[in-house]
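Contents: one structure, followed by commentary.
In what follows, chains are A, B, ... by sequence order, proteins preceding strands, each numbered from 1.
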Amino acid sequence: MSNRQIELTKSYNPQEVEDKWYHFWESSGYFKPDPDATKRPFCIVIPPPNITGSLHMGHAMNVAIQDIFVRWKRMSGHRVLWLPGTDHAGIATQNVVEKELSKEGVDRHKLGRDAFIERIWEWKAEHGGKIIHQIKRLGASCDWSRERFTLDEGLSKAVREVFVTLYEEGLIYRDDRLINWCPRCHTALSDLEVEYDEIDGKLYYIKYPLTDGKGYISVATTRPETMLGDTAVAVHPEDERYGHFIGKTINLPLVGREIPIISESSVDPSFATGAVKVTPAHDFSDEAIGRQHNLPSISVITEDGRMGIAAGERYSGLDRYRCRKKVLEDLIELGLLEGEKRHNFAVGHCYRCKTTIEPLLTIQWYVAIESLASEAIKVVRNRKVRLIPESWENNYFAWMRDIKDWCISRQIWWGHQIPVWYCAGCKRDDKTPQGEIIEHIFFGTVNLPDGTALAGGKYSELRKSGMSHTEIIKNSKITRIPRDIKSICRRDDPKECPECRSRDIIRDPDVLDTWFSSALWPFSTLGWPEDTEDLRTFYPTNLLVTGFDILFFWVARMIMMGMKFMGDPPFRDVYIHALVRDLKGQKMSKSKGNIIDPLLLIDKYGADAFRFSLAALAARGRDIKFSEERIEGYRHFINKLWNATKFIINNEQLWTEQPLHDYDKDLDLPSRWIISRLASTASAIDKHLRAYRFSEAANGIYQFVWHEFCDWYIELTKPVLLHGSDKEKVIIVNCLFFVLEQVLQLLHPFMPFVTEEIWHKISRQKGSIIRSPYPLRLPTYQNAVEEMGHVINAVTGIRSIRGELNIAPSIEIEADIKVYSEEAGEIIKNNLAAIKKLTRCKEIGVAPEVECIKGSAVAVKEEMEIYVPIGGLLDIGAEVNRLQKEMKKIDESLNFLNKKLLNADFLSSAPKSVLQKDKARFDDLLSRKDKIEETLKLFDAVKRETTAGPK
RNA sequence: GGGCGGGUAGCUCAGUUGGGAGAGCGCAGCCCUUACAAGGCUGAUGUCACAGGUUCGAGUCCUGUUCCGCCUACCA
């Protein structure tokens, strides 16, 4: 037996222990996969957070769920790897550092590409670890020795390999198309990176005069400035108002261009004027019309969101919004603005900086997505990849069906630069070198030794004027490389053109979409393209935990790339958790100011309470409205556990540390009961976790610990500890410790810190709870639950009487229990001490025949009637009231059951088990009804006596 | 316009194959019973959105209606 002195503080103090245990775990290597190769591997890769980010509720939810799962799997005997890392987040990171630079009055172009990238690495070293540190505070048991970053050497190699392979197979190509352009970030964006927000705008009606002078046609537009690039007006072929105009031409106001009126069935005649101006270079639907009708595309807006030369001298150089104003003014002056109307419509915004997107005609790199997508659809369809909850499958399929080629080039510097070179020396078909059509636009101007200032020009000319190759590259803000220039794509950086040996090769300045590297995450982090031990062991990974907001951005693309390059999907299960919203159900966002900072919650309540709340709230497929009150409740739960531990440890000197098995035949009913209940709780939790039902798992253990272990079992041990024999005490203390240990283990995945802290307070345990075996296959004792039910009924019966009749706890009462069976009587008698203690009774009589004494309160339970004689103290009216209320309930149930049992159809078609259950219940209710009726009669007699008065 | 999810106690939400409606918080009453007042005991509260249907039996399955979210779409 132990003679250690263990002291527990009055309440649990998370701040004091969390850091300590985290360091202990990490430094002891517990987060690394178990070296035992016979264990089944289990692997999760973390959704890499953005290095510029800081932890928000979404991350917290995501990380908490993964850690619960990982810790559970680790304890269940798996060789677990949870692989962490971060994402370089091209645009976001570049924006952050650019902002920092602008405070110093520096522009990235002044700094130059290499120096700027160097600067970002410095920033990353200083601030990039912030979110990792925050994830650790949640208790995340990631293997940090394997932490990866999307711009790591290894991951970059993977990106290069994938790009070159897809390029060689023709699945990566370059094309001129209309794309979503952010004029502020100065880059192309993929369709997914555009957010559409409804805005209060205006619809302007503009008169377009016919060239033949016979009237005009009115068009409606939300963007008048784009009219400068109009190349047609479209009307519906069957529109009676306009049919006769088709084939005629318009004299485009302000520009003077003659443009045709074309017939286009996609035009809705009922909307606005029914005539649409067509600007193929600045509107996606117009681009489609333009292609169909072979219309020219005239770009009138530049990459800066200003009007270009093609917009005409009057407007060139103006910002797009200033130009809109000016166009409108000019139209008014000409009397061509017919009117304007309020109009709400959706406008695309950059998801990073919220600037209004400008559709621009540019040349970009694309991934041909169709063949990749069809494989990715297949594996979800045949459930090689399971989406959980399944309802996301529909969304997934819908998106994959309509998927468009993926624009992967970004006009920024931070990221994986595209491994493509263009040779200035190679000759084109007309024998002129390619360098003559490669155009450079400089940042500012470059002064040549002869004094001329250059703002850019064709590569060949710049070379002729004396600039070196590197000078040209360094000063280029924009490099325009037309599509017909041959590209050189290599696994190694070429030093010269493989065809003409020219050293004037220009690398494509663009970098890849960050999601391109994220798409490779599940295998690039494990070492691919090298054939590593980790890759062989852990790929395909078992589970991906993510929010639905990146289902398409990331999950779908990982599946595509996994299938393409590994021939196997990157994970088996995808658990898609809900979004965390505020109490009103609104998305948390900085602009709404409704953000709850998870770190503040951890400071205030501890990581365990916070994690437990997240788990308890994580019902499948539903958004979570988060409230602080809820955490408070779970902090109380931790405190409850802490105090139960205190009680148990107070009796530590009686703990023999022998396996409970040794006491098996001497266990009393409450002990057999609590162990049986523990066993079913453990298996229920296991079942729930397997099915990703985190809330049920959390609530199950909560219910057990608080309302069975603490409310009943610990209370029931008290009389034994006070009055029992030494042997009884030893047994019950061993049982207390046994249950506590199992409870800690069951709870550990949910609340790692407090369970580890308590685990170490218990002397028997060596090492960390983190690698202790998760409780499964615990013993259960036959009939223990049913038998304990009698004890509980007796106690609650007496307590109800006390409570409802307001008998002060200080008053000790007597009670009589009339039992219906010998077995029930035995059980009650065997546990009488406990029942007395829990009901504050000084005496309880138990017999099959007990008669109701006058002035007794009555409770009728299954298998027993309880009488509490309180003589003159009894308020007969109140007691009659109470019984009548109970009668009413019983009658209602009886009616319901009676109807059912009289129904011939029910009797013939319901399963036997249901029938039997209902019959038994009916009989029980009926006998209870009889008892209560009897009692009521008795009271009636007493009442009459009292009213009649003594003679 | 299309798709998805949801309407269950005062609030926030559970409710896995159809078989007597649950939890937490809040509320009311009584209690500092030597682990815990961040606690204990007792109690009250529901036309499971509405209307039909299938079934012996529906919160649960089907159809329609309605309200609320989210995603998606080229009404300029």
### Message
Pick the closest RNA chain B nucleotide for A/D711 and for A/F647 by heavy atoms, then say which residue is nearer the 5' end.
### Response
A/F647
### Query
Can the ring centroids of A/Y634 and A/Y702 be said to lie less than 6.0 angstrom from one another?
yes
### Query
How close or far is atom P of B/rA35 from atom CD1 of A/I648, stated in whole angstroms?
12 Å
## Note on the structure
A/S893 has its side chain closest, among B/rA76, B/rG20, B/rC36, to B/rG20
### Query
Looking for any heavy atom pair under 4.0 Å, which part of the strands does A/N699 touch: base, sugar-phosphate only, or nothing?
nothing
#### Entry: Salt-bridge present (A/K842, A/E812; N to O < 4.0 Å)
no
### Query
Rounding to the closest angstrom, what is the interatomic distance between B/rA14 and B/rG7 at atom C1'?
15 Å
### Message
Would you measure the distance from the C1' atom in B/rA9 across to the matching atom in B/rC62 and give it in whole Å?
### Response
29 Å
### Query
Would one find a side-chain N or O of A/S11 under 4.0 angstrom from OP1 or OP2 of B/rC36?
no
#### Entry: A/E886 with A/K889: basic N within carboxylate O range, under 4.0 Å
no
### Nearest-angstrom distance from the residue atom CG of A/D191 to C1' of B/rA73
12 Å
### Message
Can you tell me whether the side chain of A/E715 and the base of B/rA35 have a donor-acceptor pair closer than 3.5 Å?
### Response
yes
#### Entry: Side-chain N or O of A/K761 closer than 4.0 Å to phosphate OP1/OP2 of B/rA35
no
#### Entry: Inter-nucleotide P distance (B/rA21, B/rU55), Å rounded
22 Å
#### Entry: Side chain proximity check, A/I732 to A/T717, heavy atoms < 4.5 angstrom
yes
#### Entry: Distance-only donor-acceptor test, A/K10 side-chain atoms vs B/rA35 base atoms, 3.5 Å
no
### Task
Pick the C1' atom in B/rG15 and in B/rU66, then give their distance to the nearest Å.
24 Å
### Task
Spell out yes or no: do the side chain of A/K646 and the base of B/rC36 have one donor N/O and one acceptor N/O closer than 3.5 Å?
no
### Task
Take the protein atom CG of A/L617 and the nucleotide atom P of B/rC25, then report the distance between them rounded to whole Å.
13 Å
### Summary
Per atom distances to the A/L925 side chain, the nearest of B/rA38, B/rG20, B/rG24 is B/rG20
### Message
Applying a 4.0 Å non-hydrogen cut-off, can you work out what A/G274 is touching in the nucleic acid: base, sugar-phosphate, or nothing?
### Response
base
#### Entry: Charged N-O contact under 4.0 Å between A/K888 and A/D891
no
### Message
Could you tell me how far B/rC70 sits from B/rC75 if I compare only their C1' atoms? Round to whole Å.
### Response
22 Å
### Query
How close do A/K10 and A/N643 get, heavy atom to heavy atom, and via which atoms?
O-OD1, 3.6 Å
### Message
Does the Lys NZ or Arg CZ of A/K640 fall within the cation-pi geometry relative to A/Y12 - under 6.0 Å from the ring centre and within 45° of the axis?
### Response
no
### Query
Between B/rA76, B/rC41, B/rG19, which nucleotide has the shortest distance from any of its atoms to the side chain of A/R799?
B/rC41
#### Entry: Ion pair A/K202/A/E340, N-O distance below 4.0 Å
yes
### Query
Want to know the stems of RNA chain B: at least 3 consecutive Watson-Crick or G-U pairs with distances under 3.5 Å, which are they?
B:1-7 with B:66-72, B:10-13 with B:22-25, B:27-31 with B:39-43, B:49-53 with B:61-65
### Message
If you only use heavy atoms from C-beta on, which nucleotide in B/rG43, B/rA76, B/rG20 is closest to the side chain of A/T222?
### Response
B/rA76
### Task
Could you work out the separation of B/rG10 and B/rA28 based on their P atoms and round it to a whole Å?
16 Å
### Query
Is the phosphate of B/rA35, meaning OP1 or OP2, less than 4.0 Å from a side-chain N or O of A/K718?
yes
### Nearest-angstrom distance from the residue atom CZ of A/F704 to P of B/rG24
16 Å
### Message
Say we look at B/rC36 and B/rA44: how far apart would their P atoms be, to the nearest angstrom?
### Response
30 Å
#### Entry: A/A910 side chain, from C-beta outward: closest of B/rC75, B/rC4, B/rC56
B/rC56
## Note on the structure
Closest to the side chain of A/N643, out of B/rA35, B/rG19, B/rC75, is B/rA35
### Task
Determine the contact category for A/F896: base if any of its heavy atoms lies under 4.0 Å from a base atom, sugar-phosphate if only primed atoms, P, OP1 or OP2 are that close, otherwise nothing.
sugar-phosphate
### Task
Look at the side chain of A/R693 and decide which nucleotide, out of B/rU16, B/rG19, B/rU42, has an atom nearest to it.
B/rU16
### Query
When all nucleic acid strands are considered with a 4.0 Å heavy-atom cut-off, which category describes A/R223: base, sugar-phosphate, or nothing?
nothing
### Message
Considering every strand and a 4.0 Å limit on heavy-atom distances, what is the contact class for A/K912: base, sugar-phosphate, or nothing?
### Response
nothing
### Query
Can a salt bridge be assigned to the pair A/R928 and A/D924 using a cut-off of 4.0 Å between side-chain N and carboxylate O?
yes
### Query
Starting at CG of A/N180 and ending at P of B/rA73, how long is that distance when rounded to a whole Å?
11 Å
### Atom pair distance, as rounded to whole Å: CG in A/L641 and P in B/rG39
14 Å
### Query
Is the distance from OP1 or OP2 of B/rG39 to the nearest side-chain N or O of A/H636 less than 4.0 Å?
yes
### Task
Give a yes/no answer on whether the side chain of A/K900 brings an N or O atom under 4.0 Å of OP1 or OP2 in B/rU55.
no
### Task
Name the nucleic acid region contacted by A/V267, choosing base, sugar-phosphate or nothing; use a 4.0 angstrom heavy-atom cut-off, strictly under.
base
### Message
Between A/Y575 and A/Y692, is the ring centroid distance below 6.0 Å?
### Response
yes
### Message
Please tell me if A/W706 has a side-chain N or O lying less than 4.0 Å from either OP1 or OP2 of B/rG40.
### Response
yes
### Task
Go through the N and O atoms of the side chain of A/R630 and the base of B/rG24, and report whether any donor-acceptor pair is under 3.5 Å.
no
### Protein-nucleotide distance (A/K341, atom NZ; B/rC75, atom C1'), rounded to Å
11 Å
### Query
Which value, in whole Å, describes the distance between the C1' atoms of nucleotides B/rU45 and B/rG57?
27 Å
### Query
Just to confirm, is there a sub-4.0 Å distance from OP1 or OP2 of B/rG24 to any side-chain nitrogen or oxygen of A/H707?
yes
### Query
A/S800 has a side chain; which of B/rC70, B/rG43, B/rA76 sits nearest to it?
B/rG43
### Query
Can you tell which of B/rU42, B/rA38, B/rA35 lies closest to the side chain of A/T796?
B/rU42
### Query
Rounded to whole angstroms, how far apart are CD on A/E632 and P on B/rA37?
15 Å
### 5' precedence on RNA chain B between A/A398 and A/K687 (nearest-nucleotide basis)
A/A398
### Query
Are the side chains of A/E708 and A/Y713 in touch, meaning some heavy atoms are under 4.5 Å apart?
no
### Query
What about A/R840, does its side chain sit under 3.5 Å from the base of B/rU33 through a donor-acceptor pair?
no
## Note on the structure
Sorted by chain and number, sequence neighbours left out, side-chain contact (heavy atoms from CB on, under 4.5 Å) with A/E193 holds for A/L189, A/S190, A/Y351, A/R410, A/D513, A/W515, A/F553
